[in-house]
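As the structure is a prediction and not an experimental result, all values here were calculated from the model. In what follows, chains are A, B, ... by sequence order, proteins preceding strands, each numbered from 1.
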Number of protein chains: 2
Amino acid sequence: MADKATRQAQRSPARRPRVRHNVTAAIGADICGGRFPPGTILPRESDLCETYGVSRTVIRESLKVLETKGLVRGRPRVGTLVCDRAEWNVLDAQILEWMGPDVLSAELLGSILEARRTVEPAAAFLAASRATAQEIADLERACDDMGDAEGDLEAFTAADARFHETLLKASHNKVFHQLSSIIHAALSYALHASNRAAVKRDEALDVHRELVDALRLRDGARAETCSRHILELAARDLSHLMGDAGDLKTH
Amino acid sequence: MADKATRQAQRSPARRPRVRHNVTAAIGADICGGRFPPGTILPRESDLCETYGVSRTVIRESLKVLETKGLVRGRPRVGTLVCDRAEWNVLDAQILEWMGPDVLSAELLGSILEARRTVEPAAAFLAASRATAQEIADLERACDDMGDAEGDLEAFTAADARFHETLLKASHNKVFHQLSSIIHAALSYALHASNRAAVKRDEALDVHRELVDALRLRDGARAETCSRHILELAARDLSHLMGDAGDLKTH
DNA sequence: TAATCAACAATTATACGACAAATTGATGGC
DNA sequence: GCCATCAATTTGTCGTATAATTGTTGATTA
């Protein structure tokens, strides 16, 4: 998806009534992007009103939303404090989006990959016994879209993300399903930072299809193995991208 | 029209601490508790003002917060729609708290247990190589508190929750660390619904201590095994609590 | 008579101004 | 030099007004 008009919101002239939800994204992006570093107090609300060109009501609603995400903490008289990054809810899809591919730290990317290697194979195993026919069809459709993408890296990544999200959904585990956001973030990073070779994409696609086959046959063990294989490819991509910093290997 | 005298009477007696937080929790609890079932439109904002005795500003900020949690979705002219439970962010600590032990569905509890059995052993393995001395000391302290709790089930559960939260933190994986909330919820449920036998608590405590030993020796495999053992005990407790209906698989 | 479209109304979305509360820093007294 | 009191500043809350949006209803035409 196109990343909205996050910085358009700051640049808006004056009276533009179409900026209710975008102010939250603008402030959130400014915090995640480092314009308001953790530990600092951001400007008082009346100043933020002028900065973002909206009323204090909107500013306050936005700050309350950011507060629920653990990004800031408001205290009377002292102002709104930007929380430490450790307190940020990194499972929140919007925060990951605001951080963007450029700001995502190597540590966080490593954490996400580790989590995927833990969760996704388990989800694949569960999906083998629980996936509905519709979900399997959706997975196959995602594979087809990945194949049709050809040179379009963005379309390929979108289909890839849909595949993994559907897989988590097909595990019929509510906790796993909620973790889709981190996969979006991981793939989004890979999309922007990499030029994945076509060969590897083909290889990945083959394994994806094999996983769907395993699901259709209700073969949990094989589905789990396929998932591990997919993530191994992703891990290779990532470590290659990050200059093999070495922190990625689990064992 | 809001009765000004009444509101004055409310605020004058003592202090007026953080109206917004209470109102958000109240509406959230009413939604999670079933007073506003999914699919329904909740009363218009001016009515909510009277119901909860606050101004529309506070109501709107609360609704905005609930919207970010996926609980409701506001649309102009039509009102605020209560989203389906599938859209709720069940990883959110507050939502789990609002749902409470009575409302937590068997399906969600099963999902949480499944997720724990997937994540915690992996976290234990990682913690074996990454835990700091301070974290290991904290884990031991939690074990001691569990032992000191004796008959106090609440204190025991609190120490238990602190143990598992510290373990996830010691994995030094940001994603795992954020999942602490679901463990709190699971243990909170077990606390309110069960009368865990003292024998089992002793057995659990022994395994907890063994896990700390494994961490101290940097023995990842053994830590992982201990974690599995702990969760096996928890699973037995849970299935026993829920009338061994086998509800853990599906609905 | 039925279908399409336009005007209306109701409700949310946003804005603005005011006051209350609370915390912190300063200032004066002991 | 320390402590208590006061004032200032900023958030917290409130009330109302205006704009935007959409469901509804009624009219008009084929």
Considering only heavy atoms from C-beta outward, does the side chain of A:L108 approach that of A:L96 to under 4.5 Å? yes
What's the CD-P distance between B:E61 and D:dG12, to the nearest Å? 8 Å
For atom CG of A:L81 and atom C1' of C:dT23, their distance in whole Å: 15 Å
Charged N to carboxylate O under 4.0 angstrom, B:R130 versus A:E114? yes
Spacing of A:E45 atom CD relative to C:dA15 atom C1', expressed in whole Å: 15 Å
For B:R75, which contact category applies under a 4.0 Å heavy-atom criterion: base, sugar-phosphate, or nothing? sugar-phosphate
Please identify which of these residues, B:L63, B:T57, B:V58, B:I59, meets the side-chain contact (heavy atoms from CB on, under 4.5 Å) condition with B:E61. B:T57
5′-ward residue of the pair B:T57/B:P43 relative to DNA chain C: B:P43
Could you state the CZ-P distance from B:R44 to C:dA13, rounded to the nearest angstrom? 15 Å
With side chains defined as the heavy atoms from C-beta onward, is the minimum distance between B:T80 and B:L66 less than 4.5 Å? no
Mind calculating the distance between CD1 (A:I59) and P (C:dA13) to the nearest angstrom? 17 Å
Protein-nucleotide distance (B:K64, atom NZ; C:dA15, atom P), rounded to Å: 11 Å
Base C:dT12 paired with B:R56 side chain (donor-acceptor, <3.5 Å): no
Rounding to a whole Å, what distance do you find between A:I41:CD1 and D:dT11:P? 9 Å
Take the protein atom CZ of A:R77 and the nucleotide atom P of C:dA26, then report the distance between them rounded to whole Å. 10 Å
From the options C:dC16, D:dT11, C:dT12, select the nucleotide whose nearest atom is closest to the side chain of A:S55. C:dC16
